Amino acid sequence: MARWCYRHRLVVLLLWVGALFGLGFSASTAGTNYANVFSLPDTDSKSAYDLMEKAFPNTSGDTDTVVWKVDEGSVRDQAVRDRIRPVLDDIAKMPGVGAVTTPYDARGAAQVSRDGTIAYAQVTFVKRANEVPKELVQDVVDTAQGAERAGLQVELGGQAIQRVQEPPQGLSEGVGIVAAAIVLFLAFGSFFAMTLPIAIAVFGVGTGLFATQLLSHTTDVPDIAPLLASLIGLGVGIDYALFIVTRHRKGIQRGLDPEEAAVTALNTSGRAVLFAGGTVCIALAGMLVTRLRFLDGVVIGTSLTVVLSVLAATTLLPALLGFLGPRVLSRRQRRRLAAQGPEPEGASGLAARWSTAVQKRPRRTAALALVFMAVLAVPVLSLRLGATDQGNDDASTTTRKAYDLLAEGFGPGFNGPLQVVTEGRETSALVKGLQDTPGVARMAALPPAQGVTVIQVVPTTSPQSVETDRLIDRLRDDVIPKAGVEAHVGGVTAVSKDFSTVTGDRLPLFIATIIGLGFLLLLVAFRSLVVPLTAALMNLIAAAASFGVLVAIFQWGWGLELLGLGKEGPINAFLPVIMLSLLFGLSMDYQVFLVSRMHEEWVHTRDNARAVRVGLAETSRVINSAALIMVCVFMAFVLSGDSGAAVAGVGLAAAVALDAFILRTALVPAAMHLLGDSNWWLPKGLEKRLPHLAVEPKEEAAPSPGARAAGGPASAVHGFVRTADGEPVEGAAVTLLSGGGRQLDRVESLADGSYIVSVPAPGTYLLATTAPTYGSRARHVEVGEGPLVYDVELVEGEVDAVS
């Protein structure tokens, strides 16, 4: 497929451009129909909601609030009335506004604070918040705030109002792409090579978002789904292309034709990309086991974007490589290739030195990495799930100021009232019980409708307070049963509490599901029990440390002011599920890229120490570059204006950084060195039963006896193993392997450095040489009908690899 896409590059490019613009035109024509559906069957708040819907079936449309405060006097003063009332009348006349209730009406006395300095009016739109045109909401904001003067403060709150104070759509994606482009340019040194991962990400995310927008008309997709889809799509799209382009560039530098380099890159790194994309989608699909309908649309949007990003990386990318040819290298690299010829197959520099250092001190490396991650994970012990609201917005926003004014004038519980809903007219015992309940600031029973009575209960504490949670439990477990009536506690605060409880209860099943599925995939791919067990343990460590960072920042408030992310509060209940899905998927990506290179070397040499050393040396630089790009992309979502996306962005940035820079670069290779050959152990009985799923290209078959006879007599490879100074190396292990990695002969060099290995027949073989205190060499050798003389030079600190 890679060769076909390379040779038919114009057709492939036109198909992708047509798909992007076709989906874009269809999506812009159809518009959006995102819907936040919090369906919590078998919960008390859901029962309360069903009763309220029965009593008030026509209460659709978003209700937002205009709040004003005077520094002196009272909001009832004629001067204040004359300034506020015309503004509210103008808002009421706007198309799209259903009604405005003011404190200056006969029934509006409760909308003025006791000291008379703060009042509010409620603006009810005819549509839901996400359907109200932003132009209308902005007109409401401008009109209301136009009444401000010295001594009179006017602020607005509500979901529709919050939408207009968000940064422009696409700002976070744009900043993330620019940051990623800078990192790519520094990594590649080539403008053309830099543009390739960006282009793949743009096509993958663009088609994914447009397709998700169209799907929002056929299924419930929450409005946070596009943000999360673009967040994960940009990250994986750029990363997947980066891995393939890096392998392609390495092939050209080692003398391959650009077309062969592209085919080789897709046949190696491309396979890993397909496998990694599959693991991300499986991790995302794990959210479905929670049976929270709100997350179904998130799974659809993010998985679709990941699939399209993988498809772009494996089809569009080879086509673009065909357009660029050797220009995928920088000018300096092309000049060096022309002047000095192909580069040797090896890894040197900082990556090789670090890989050698990990091999020499695996226990110390593992211990330091574990201690560091454990310290970061400590805050997770105080994790509290809940729901953020406009009280967590930045202090400069009008929604946060309105929230604070309402709390100041009417009590902290006013921003999150509870609704006690009962079917029946006898409510006197319930009302009295509510009045006498500690933690209730005030309450009011609405006139019965359709046989349903709603009692509004304002707590003395804020919606996010632990005391408010305890009040809800007290009402459900004590007050309502004592009143002898069947009643349910609803309202936004109660829904948030129930959502947190349900999510917390289902979290263990969710974690077990995605870890189990990831374990099975790695088991089949790498034919090992230890590799998937190590990956599962590392994923749990990364999750604990990243959530520790989240708790410290967003729950404890460390650095919130610096990040400009508002006020501390509980962690949104849905974030652990979303974040763990994304984190486990991305962690599996890095595990696959790292271990697949180790496994490739293990298949060729059957030397665990060499396989781990080579795998780390060859992949650590590209993994770290990919992680740095992901960190930039994720941190850019702090600018999205959506608190959920901002928290997810910071959490995922921390998780990716810890996973790549600490776990995959230090702890995983150190652990694999300590485990030795047992890394690749698999019981024989299980080996026979497992299906074959190759992440690396298929091994070549060993020469058959007939082929040997036809090819000529047996031969040999012999020579000396020496250092760079010409000193003989005694005891070096010299291994001859077939092209598919089967060991044919293995010897140790003598005191003078000499060795000789037997060759079954003429052909191409792999000669691998390694010594404890030196680097290692692996070269393909062409053996004819006679013996081949081949001397090997070992250099301390250099890691050579098979490609």
Side-chain angles (χ1 to χ4, degrees), residues 31-38 49 56 58-68 84 87-103 111 119-148 153-171 213 216 220-227 294 297 387-394 396-407 414-417 463 491-493 495-496 566 572 640-646:
T32 62
N33 191 28
Y34 297 120
N36 296 319
V37 179
F38 288 92
Y49 175 81
F56 309 102
N58 298 319
T59 55
S60 61
D62 183 64
T63 298
D64 290 18
T65 309
V66 180
V67 191
W68 58 97
I84 295 293
V87 167
L88 297 179
D89 290 342
D90 290 342
I91 292 174
K93 295 174 184 176
M94 292 180 180
V97 175
V100 175
T101 59
T102 82
Q111 294 174 228
Y120 69 91
Q122 290 183 319
V123 179
T124 302
F125 296 98
V126 297
K127 295 182 179 179
R128 294 179 298 180
N130 62 310
E131 298 173 339
V132 179
K134 283 192 174 182
E135 296 78 12
L136 169 60
V137 181
Q138 190 62 57
D139 287 344
V140 171
V141 173
D142 294 340
T143 303
Q145 293 188 332
E148 283 189 324
Q153 178 185 1
V154 180
E155 306 294 347
L156 297 94
Q159 292 185 10
I161 304 299
Q162 194 168 34
R163 290 180 64 223
V164 300
Q165 66 183 15
E166 295 173 354
Q169 194 171 7
L171 174 63
Q213 185 173 326
S216 70
D220 293 326
V221 178
D223 53 13
I224 197 176
L227 263 176
F294 171 76
T388 56
D389 54 28
Q390 293 175 5
N392 299 105
D393 290 353
D394 187 81
S396 62
T397 59
T398 187
T399 50
R400 169 68 181 280
K401 292 175 181 176
Y403 185 98
D404 291 342
L405 286 178
L406 289 172
F414 184 81
N415 286 293
V492 174
T493 306
V495 170
S496 299
N572 263 325
S640 66
D642 185 284
S643 60

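In what follows, every heavy atom counts, from backbone to side chain, and hydrogens, waters and symmetry copies are set aside. Worth saying up front: this structure is predicted, and the values here are computed from it rather than measured.
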[X] [atom1] to [Y] [atom2] distance, which is reported to the nearest 0.5 Å:
X    : Y    : atom1 : atom2 : result
K401 : L156 : NZ    : CG    : 11.5 Å
I84  : D89  : CD1   : CG    : 11.5 Å
L88  : T102 : CG    : OG1   : 6.0 Å

Problem - Pairwise side-chain contact, Y49 with V495, heavy-atom cut-off 4.5 Å (strictly under) - result: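 Side-chain contact under 4.5 Å: no.
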Problem - Side chain proximity check, E148 to E155, heavy atoms < 4.5 angstrom - result: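 A side-chain contact exists here, since the closest heavy-atom pair is under 4.5 Å.
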Which heavy-atom pair separates [X] from [Y] by the least distance, and what is that distance?
X    : Y    : value
A147 : V87  : CB-CG2, 3.7 Å
P103 : A121 : CD-CB, 4.3 Å
V221 : S216 : CG2-CA, 3.9 Å
D139 : M94  : O-CE, 3.7 Å

Fill in the blank from the handout: Per side chain to side chain contact (heavy atoms under 4.5 Å, CB included), V66 is matched among T143, V100, V123, V141 by V123
Practice task
Under the side-chain hydrogen bond (donor to acceptor under 3.5 Å, both in side chains) rule, collect the residues that match up with Q138, sequence neighbours excluded.
Solution key: D142
Problem - Sidechain-backbone polar pair: Q111 side chain, Y120 backbone, donor-acceptor under 3.5 Å - result: yes
